[in-house]
Amino acid sequence: MQAAVEGNFPTRNQKLMANLKPHSRITASKMEPVKIARGGSINGKDNGAKLPNQVGGSAIRNALFPIHGKNEVTKFLLIGSIKFFVILALTLTRDNKDTMVVTECGAEAIAFLKIYGVLPAATLFIALYSKMATLMEKKTLFYSTCVPFFVFFFIFDAIIYPNRHSIQPSLSTVRSMLRMQPDAKGASVIFAKLFANWTSALFYVVAEVYSSVSVGILFWQFANDVVSVQQAKRFYPLFAQMSGLAPILAGQYVVRYASHADNFEESLHRLTWMITFAGVMICSFYKWANDFIERNDTVTGEVQTKKKKTKMTMAESTRFLASSEYLRLIAALVLGYGLSINFTDIMWKSILKKKYPDPLDYQRFMGNFSSIVGLSTCIVIFFGVHAIRILGWRMGALATPAVMACLALPYFSSILMGVDQPKALHIAVALGTMQTLLSKTAKYALFDPTTQMAYIPLDEESKVKGKAAIEVLGSRIGKSGGSLIQQGLVMIFGDIISAAPALTVIYYSVLVWWAYSAHRLGILFSEKTEETKSHKR
């Protein structure tokens, strides 16, 4: 899934890591004491393992699993297992939050929750985490960040959800308090449903914050601290492959066990058992990985310092991007994807609710979808780099908006023709599912690599500051902007399906802007690449 895959590579949250110094130890020898990098690097080389070209064995083995030596394999499996269980819990909580909010409040409520719930909660968390990072030792910080999420999920299942009818007002009571008319539509109805189902809204917000924290801060903070630069080149792609298996397992657990409960409350119990197990395993593998690294990374060497990521405010980001057409075009690509995927995702979930109004049926469908996304992720990450090599940068960058444009045409057409009849609804759901799946696949295989490649020809300042600026603007405007636009459409049309004609126009306008930006950036990318080659000569 998206959260699962987007976590395959470090995100902007890792800038918090730069303030944390690598661990050091003093060797018990007569020689001068030196510091030890926890990643096990010795003068820039791996500790305790030979590089792939130094190791015997077939080229296929080195290409598929370029990790050698008992210590290095153990280290990889321990750290990789942390990410596996992080993604497992993330998949289960994500699908569960969508099931509760969509079936109880409607898919349109997601746009409101992201603005008025998730954004303030995430901002508060980052402020609190930054303070904790200055006061706590790394291990304490990890447990203090990780454990509260799983405690909440357990309490929600054991106490909050079973007593929801006692602690939540009824929808009729909320409508009466807000003095709503019986035929009221739009934002007021959505807010009423959110207040009447505030426990599910709370779960959604906490699960959303966990999805950002678990991969971006918990896993990558630890991995970047203990994996050397040379090891990272071989470990990180395999971390992506390993964690890609987690959505497959999580999805099938939901399909074959959790969704076969007698009611949704019992299904939530079954999900929470697995979520709690994943939480225990995250903490356990973190402890085992630390113990192993402290026992085995004991060779003397020099600490590899890692560059700090530049922190930029929204205003600073805007000013820096305004100074460079090249960086503005990269930002346009990031914003284009963020807006367009947001537009189709909520509408897709809205028609899913019409087809699967029962929470268990909706949950079962999302479980199968998560498994398919996990499988496709493993495949596209492996073959994505070869696709770009064959197509070239510009075609690779244009492929994602082109794929999304082609797939969205029959999808929006099916919605515009109406989804009231069962057959029409079935076709719309099938087309929407295909559009969502292949759009995400194109992102992982082509969009993400080409976007990262676009930074390569830039000078050091533009790379560091430009990436920081784009991360700030792209993440905020892409998510918040899409939600705000859809809120406006819901207020005007009453629901997101009725707003389909207007949303179609906005969607294709964004894709045209995105494609033009990719074409223009392709020209500049070629020019800068040639300039870089000529300078090296």
Side-chain angles (χ1 to χ4, degrees), residues 93 95-121 152-153 155-208 259 261-269 271-272 345-366 418-420 422 425 483-484 486-500:
T93 54
D95 288 353
N96 191 55
K97 71 179 175 59
D98 283 347
T99 298
M100 290 193 295
V101 169
V102 171
T103 57
E104 293 174 3
C105 306
E108 295 85 354
I110 293 176
F112 290 78
L113 278 174
K114 285 186 176 180
I115 295 295
Y116 306 113
V118 177
L119 187 59
F152 169 82
F153 296 140
I155 292 176
F156 182 88
D157 173 60
I159 301 175
I160 298 177
Y161 193 77
N163 296 286
R164 63 192 181 282
H165 297 303
S166 301
I167 59 180
Q168 289 181 161
S170 65
L171 181 59
S172 58
T173 301
V174 175
R175 292 176 69 97
S176 176
M177 291 172 57
L178 297 177
R179 298 180 180 179
M180 295 173 56
Q181 297 297 322
D183 59 346
K185 294 182 179 180
S188 59
V189 175
I190 293 174
F191 278 118
K193 290 179 178 179
L194 287 173
F195 283 128
N197 298 279
W198 67 263
T199 56
S200 297
L202 176 63
F203 186 95
Y204 185 97
V205 171
V206 175
E208 273 285 304
S259 64
D262 294 333
N263 53 62
F264 185 75
E265 185 171 336
E266 176 60 29
S267 175
L268 181 62
H269 292 329
L271 284 175
T272 304
D345 190 57
I346 291 180
M347 183 173 289
W348 175 60
K349 291 176 180 177
S350 182
I351 61 174
L352 277 182
K353 181 194 175 183
K354 290 178 70 70
K355 183 173 176 61
Y356 302 108
D358 182 81
L360 292 177
D361 293 335
Y362 187 97
Q363 184 185 67
R364 192 175 299 113
F365 177 89
M366 292 305 297
V419 291
D420 294 330
L425 179 61
S483 296
L484 283 172
Q486 290 180 92
Q487 282 184 40
L489 293 175
V490 169
M491 292 178 182
I492 297 171
F493 294 95
D495 60 75
I496 200 65
I497 294 180
S498 300

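The model shown is predicted, which means the values in this text are computed figures rather than measured ones.
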Output, in order, the C-alpha distance, side-chain angles, deciding distance and verdict of side-chain contact (heavy atoms from CB on, under 4.5 Å) for Met366 and Tyr356. CA-CA 10 Å; Met366 292 305 297; Tyr356 302 108; over 6 Å; no

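- Rounding to the nearest 0.5 angstrom, the gap separating the OG1 atom in Thr272 from the OH atom in Tyr161 is 11.0 Å.
- A cation-pi arrangement, defined by a distance under 6.0 Å to the six-membered ring centre and an angle within 45 degrees of its axis, is absent between Lys97 and Phe203.
- Considering only residues two or more places apart in sequence or on other chains, Glu104 meets the salt bridge (Lys or Arg N to Asp or Glu O under 4.0 Å) condition with none of them.
- With contacts defined as side-chain heavy-atom distances shorter than 4.5 Å, the pair Ile160/Arg164 does not qualify.
- To the nearest 0.5 angstrom, Leu484 atom CG is 11.0 Å from Leu489 atom CG.
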For side-chain contact (heavy atoms from CB on, under 4.5 Å), just list the numbers for Asp95 and Gln363, CA-CA rounded to whole Å, side-chain angles, deciding distance to a tenth of an Å, and then say yes or no. CA-CA 7 Å; Asp95 288 353; Gln363 184 185 67; over 6 Å; no

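- The two residues Ile115 and Ser483 make their nearest non-hydrogen contact at CG1-CB, 3.8 Å.
- Checking side-chain atoms of Trp198 against main-chain N and O of Ile167 turns up a donor-acceptor pair under 3.5 Å.
- Going from atom OG of Ser350 over to atom CD1 of Ile496 covers 7.5 Å, rounded to the nearest 0.5 Å.
- Residues passing the side chain to side chain donor-acceptor pair (under 3.5 Å) test with Ser498 are Asp495, sequence neighbours excluded.
- Closest heavy-atom contact between Leu360 and Ser267: CD2-CB, 3.6 Å.
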Stepwise side-chain contact (heavy atoms from CB on, under 4.5 Å) test for Val189 and Lys193: CA-CA 6 Å; Val189 175; Lys193 290 179 178 179; 3.8 Å; yes

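- Contact record, Ala187 with Val490: N-CG1, 4.3 Å, taken as the closest heavy-atom pair.
- A donor-acceptor pair is defined here as one N or O able to donate and one able to accept, closer than 3.5 Å; such a pair exists between the side chain of Gln487 and the backbone of Ala111.
- By the side chain to side chain donor-acceptor pair (under 3.5 Å) test, Ser172 is found to be paired with Ser170, residues two or more places apart in sequence or in another chain being considered.
- Rounded to the nearest 0.5 angstrom, Leu271 CG and Thr93 OG1 are separated by 9.5 Å.
- Proximity of Pro359 to Met100: side-chain heavy atoms (C-beta onward) are nowhere separated by under 4.5 Å.
- In Phe493, the CZ atom is crowded: over 12 heavy atoms of neighbouring residues, nucleotides or ligands sit closer than 6.0 Å.
- Within the 4.5 Å cutoff, the side chain of Phe156 has heavy atoms near those of the Leu268 side chain.
- Tyr362 meets the ring pair (Phe, Tyr, Trp, His ring centres under 6.0 Å) test with no other residue; sequence neighbours excluded.
- For Arg364, the salt bridge (Lys or Arg N to Asp or Glu O under 4.0 Å) test picks out Asp361, with sequence neighbours left out.
- Rounding to the nearest 0.5 Å gives a distance of 12.5 Å between CD of Gln486 and CE of Met491.
- Here the side chains of Val174 and Phe191 are not in contact, with every heavy-atom distance at 4.5 Å or above.
- Crowding of Asn263 atom CG: a count of heavy atoms from other residues, nucleotides or ligands under 6.0 Å exceeding 12.
- Counting only residues at least two apart or in different chains, salt bridge (charged side-chain N to carboxylate O under 4.0 Å, His left out) contacts with residues 347-360 comprise Asp98-Lys349, Asp345-Lys349.
- In this structure, CD1 on Ile346 lies 13.0 Å from CD1 on Ile351, to the nearest 0.5 angstrom.
- Nearest heavy-atom pair, Ile190 versus Ala109, reported as atom, atom and distance to 0.1 Å: CG2-CA, 3.7 Å.
- When atom types are taken as modelled, the side chain of Glu208 and the backbone of Lys114 share no donor-acceptor pair closer than 3.5 angstrom.
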Test log, rule side-chain contact (heavy atoms from CB on, under 4.5 Å), inputs Leu113 and Val101: CA-CA 10 Å; Leu113 278 174; Val101 169; 4.0 Å; yes

